[in-house]
Colleague: 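Here you go, one structure.
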Amino acid sequence: MQNSRSKILIVEDEAAIRQMVCLSLNQAGYHCIEAADTQEAQTKIVAEIPDLILLDWMLPGVSGVEYARRLRREKLTQNLPIIMLTARTEEEDKIRGLDSGADDYITKPFSTRELLARVKALLRRVSPLSAETLLEVEGLSLDPVTHRVTADGKTLTLGPTEFRLLHFFMSHPERVHTRERLLNGVWGDNVYVEERTVDVHIRRLRKILIPSGHERLIQTVRGAGYRFSAQS
Ligand code: CA
C-alpha cells in the first residue's frame, strides 16, 4: 500500500509540454516535479528520488538516451522506472531507447489519457506492494485490499510493519533478501532505519505465525538475510 502520492519527475525542455504533462499528473493525484534539462533533473533526483521519471529524448546538452544510461549505472537510480518521451517513431530508435534502460516509450504527440495509462501501468509493475491480488501460500493468505491475514482460515493480528514485511515476502518468494533489500522494500528507500530493526520485526512476525506453523516459511539464510519459501 502506498501512503503518499507517487512523485513523477518530468524532464522536458519544451515548457508548454512540460507544464501540460505536470498539470495532468497533478490532476490525476500524482505529485509532479519539473526539470528543463538533465542537469536540473539530477539536482532534483538527488534532493528527492522520484517514483518514476518521464524523460524526453531530445534535450539540450545530454540527451535523454544518454541520461537514461547514466541513471541505470548509478546505484541510487538503477531501479528508477523510466518512460521515454520522443517524437521519433522509427522502430530502430524505439529499440535504442529501450536499450538505454528505459522501461517504456511514448511517442509524441500523445494524449493525456495514454500518458496516464502508461504511468499507472509502470508504477503498478514496479511496485508489487501496491498490487491487489490475494496472496496465498500453504494455507497462509494475505489480502492486500482488506489487510486481512489468515492462517488456515483463522484471522491473524499483525502490526503495520509486520503486515508490509509479510506482504513483501509473499510477493517476492523463493529468493534471498538481504536486510538492506528488506529495508528498501518494506520501509522505503528514503527512511533511515538500522538493519537490526529488520531482525526485530522478523522475530515478531514469526511469533505471530508460530501457532499455525507458518513461521517455517520465513527462513534465515546465514550470512545473507532471509527467504520466504514453501520448500524447507
Ligand atoms: Ca525536447
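On a predicted model such as this, the values are computed, not experimentally measured, just so you know. Order of listing sets the numbers, starting from 1, for every ligand and every atom in it.
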Colleague: Determine whether Phe110 and Leu25 fall in the same hydrophobic cluster, where Ile, Leu, Val, Met, Phe, Trp and Tyr are linked whenever their side-chain heavy atoms lie under 4.5 Å apart.
Modeller: yes
Colleague: Which is it for Phe169 and Tyr226 under the side chain to side chain contact (heavy atoms under 4.5 Å, CB included) test, yes or no, and what are the steps along the way?
Modeller: CA-CA 9 Å; Phe169 273 137; Tyr226 297 97; 3.9 Å; yes
Colleague: For the Ca ion (ligand 1), what is the number of protein N, O or S atoms at a distance under 3.0 Å?
Modeller: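 The number of such protein atoms is 3.
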Colleague: Run the numbers on Gln19 and Glu34 for side chain to side chain contact (heavy atoms under 4.5 Å, CB included), then give the verdict.
Modeller: CA-CA 8 Å; Gln19 286 157 9; Glu34 295 181 38; 4.0 Å; yes
Colleague: If the condition is salt bridge (Lys or Arg N to Asp or Glu O under 4.0 Å), which residues does Arg181 pass it with, not counting sequence neighbours?
Modeller: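 Testing Arg181 for salt bridge (Lys or Arg N to Asp or Glu O under 4.0 Å), a comparison that skips the adjacent residues, returns none.
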Colleague: With sequence neighbours excluded, what pairs up with His214 under the ring-ring contact (aromatic ring centres under 6.0 Å, His included) test?
Modeller: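 ring-ring contact (aromatic ring centres under 6.0 Å, His included) list for His214, sorted by chain: empty.
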Colleague: According to side-chain hydrogen bond (donor to acceptor under 3.5 Å, both in side chains), who are the partners of Thr146, at least two apart in sequence or on a separate chain?
Modeller: Asp143
